[in-house]
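For reference, the structure is listed below as structure tokens.
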Amino acid sequence: MSEPTAEFRHRVLELVRQIPPGRVMTYGQVARYAGFPGRARQVGFVLHSLLPASGEIPWQRVINAQGGISTYRVGVGELQRALLVHEGVEFNPSGRCDLERFGWRPEVDEGALGL
DNA sequence: CAATTGACTTTTT
DNA sequence: GAAAAAGCCAATT
């Protein structure tokens, strides 16, 4: 049985849990790979629901399509950025990171940054 | 039940 | 690059 909402939530969390350290996904990508294209906003809503205790879910690895942090509005922006930097993600002076390098695709899943 | 809001994205000015 | 608009949909007021 799967109400769209529960199913969506479940798939999003399962997918986010699989993002390796030092890699990131955008809300739109998460929604798309979870099988619900266009629900980027809902992804943010689901992740917001598990704050402040994220448990097993690395919520900090989900950022916006511009490579920037979207969580300053909910007060965990600095934390998220610190966690990502600690994992090796580099941010530009503009506060954005290079999605070509740090973006993670489940289908690729190499684990090695193209350095 | 209608209106508003929100961890978004994409396209167009 | 910034701003506006349209699309998306669940939760809140």
Side-chain angles (χ1 to χ4, degrees):
Chain A
M1 321 307 308
S2 35
E3 310 165 38
T5 56
E7 173 106 13
F8 173 73
R9 183 187 173 89
H10 180 69
R11 292 208 189 186
V12 165
L13 295 181
E14 278 301 306
L15 181 55
V16 171
R17 192 191 317 211
Q18 294 171 40
I19 306 176
R23 308 303 293 274
V24 295
M25 276 185 92
T26 71
Y27 298 94
Q29 279 178 333
V30 172
R32 226 178 310 124
Y33 280 108
F36 294 80
R39 300 196 192 179
R41 231 167 171 163
Q42 264 46 3
V43 171
F45 217 95
V46 169
L47 295 181
H48 185 213
S49 73
L50 36 85
L51 287 178
S54 56
E56 306 282 315
I57 312 298
W59 57 269
Q60 70 269 21
R61 297 179 192 142
V62 182
I63 61 180
N64 65 37
Q66 324 306 316
I69 304 292
S70 286
T71 59
Y72 288 106
R73 336 181 87 170
V74 279
V76 294
E78 289 299 329
L79 172 62
Q80 177 171 16
R81 168 159 178 163
L83 288 170
L84 289 177
V85 169
H86 185 72
E87 294 180 353
V89 178
E90 299 170 20
F91 284 87
N92 296 335
S94 339
R96 296 184 300 172
C97 67
D98 189 348
L99 290 175
E100 293 297 318
R101 291 180 53 194
F102 302 104
W104 182 69
R105 292 183 161 205
E107 48 191 35
V108 177
D109 193 8
E110 358 80 4
L113 299 176
L115 297 179

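Every chain is numbered from 1, with letters handed out A, B, ... down the list of sequences.
Remark: the backbone N or O of A:S94 is not paired with any side-chain donor or acceptor of A:N92 at under 3.5 angstrom. The main-chain N or O of A:Y72 is never found under 3.5 Å from a side-chain atom of A:Q80 such that the two would form a donor-acceptor pair. A:E87 places a side-chain N or O within 3.5 Å of a backbone atom of A:G22 that can act as its donor or acceptor partner.
Distance NE2/A:H48 to CZ/A:R73: 11.5 Å, rounded to 0.5 Å. Atom CG in A:L13 sits 11.5 Å away from atom CD in A:E56 (nearest 0.5 Å). The distance from the OH atom of A:Y27 to the CZ atom of A:F45 is 13.0 Å, given to the nearest 0.5 Å. Here the straight-line distance linking atom CH2 of A:W104 with atom CG of A:L15 works out to 6.0 Å at 0.5 Å rounding. Atom CG in A:L84 sits 12.5 Å away from atom CZ in A:R23 (nearest 0.5 Å).
Counting to the nearest Å, the C1' atom of C:dA11 and the CG atom of A:L47 are 16 Å from each other. Taking atom CG of residue A:L84 and atom C1' of nucleotide B:dA7, one finds them 13 Å apart after rounding to whole Å. A:M25 places its CE atom 15 Å from the C1' atom of B:dA7, with the value rounded to the nearest Å. Between A:I69 atom CD1 and B:dC8 atom P there is a gap of 12 Å when expressed in whole angstrom units. Separating the CZ atom of A:R39 from the P atom of C:dA11 is a distance of 11 Å, rounded to the nearest angstrom. Nucleotide B:dT9 holds its P atom 18 Å from the CZ atom of A:F36, rounded to whole Å.
We find that A:R17 and A:E14 are joined by a salt bridge, their nearest charged nitrogen and carboxylate oxygen being less than 4.0 Å apart.
Spacing between B:dT4 and C:dA5 at atom P, rounded to whole Å, works out to 16 Å. Taking the P atom of each, B:dA7 and C:dA6 are spaced 22 Å apart, rounded to whole Å.
The stretch residues 27-34 of chain A touches DNA chain B through A:Y27, A:G28, each having a heavy atom under 4.0 angstrom from the strand.
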Distances under 3.5 Å only, N/O to N/O: pair up the protein atoms with those of nucleotides 3-6 of chain B.
{"residue": "B:dG6", "atom": "N7", "partner": "A:R41", "partner atom": "NH2", "Å": "2.9"}

Quick one: which protein N/O atoms are closer than 3.5 Å to N/O atoms of nucleotides 1-5 of chain C? Pair and distance per line, please.
none

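Dashed line: the shortest gap from a side-chain N or O of A:T5 to OP1 or OP2 of C:dA10 is not under 4.0 Å.
When each of A:L83, A:V76, A:T71 is checked for a side chain to side chain contact (heavy atoms under 4.5 Å, CB included) with A:Q60, only A:L83 meets the rule.
A cation-pi arrangement is present between A:R39 and A:F8 under the rule of less than 6.0 angstrom and at most 45 degrees off the ring axis.
The listed nucleotides are B:dC8, B:dT10, B:dA7; the one nearest the side chain of A:L51 is B:dA7.
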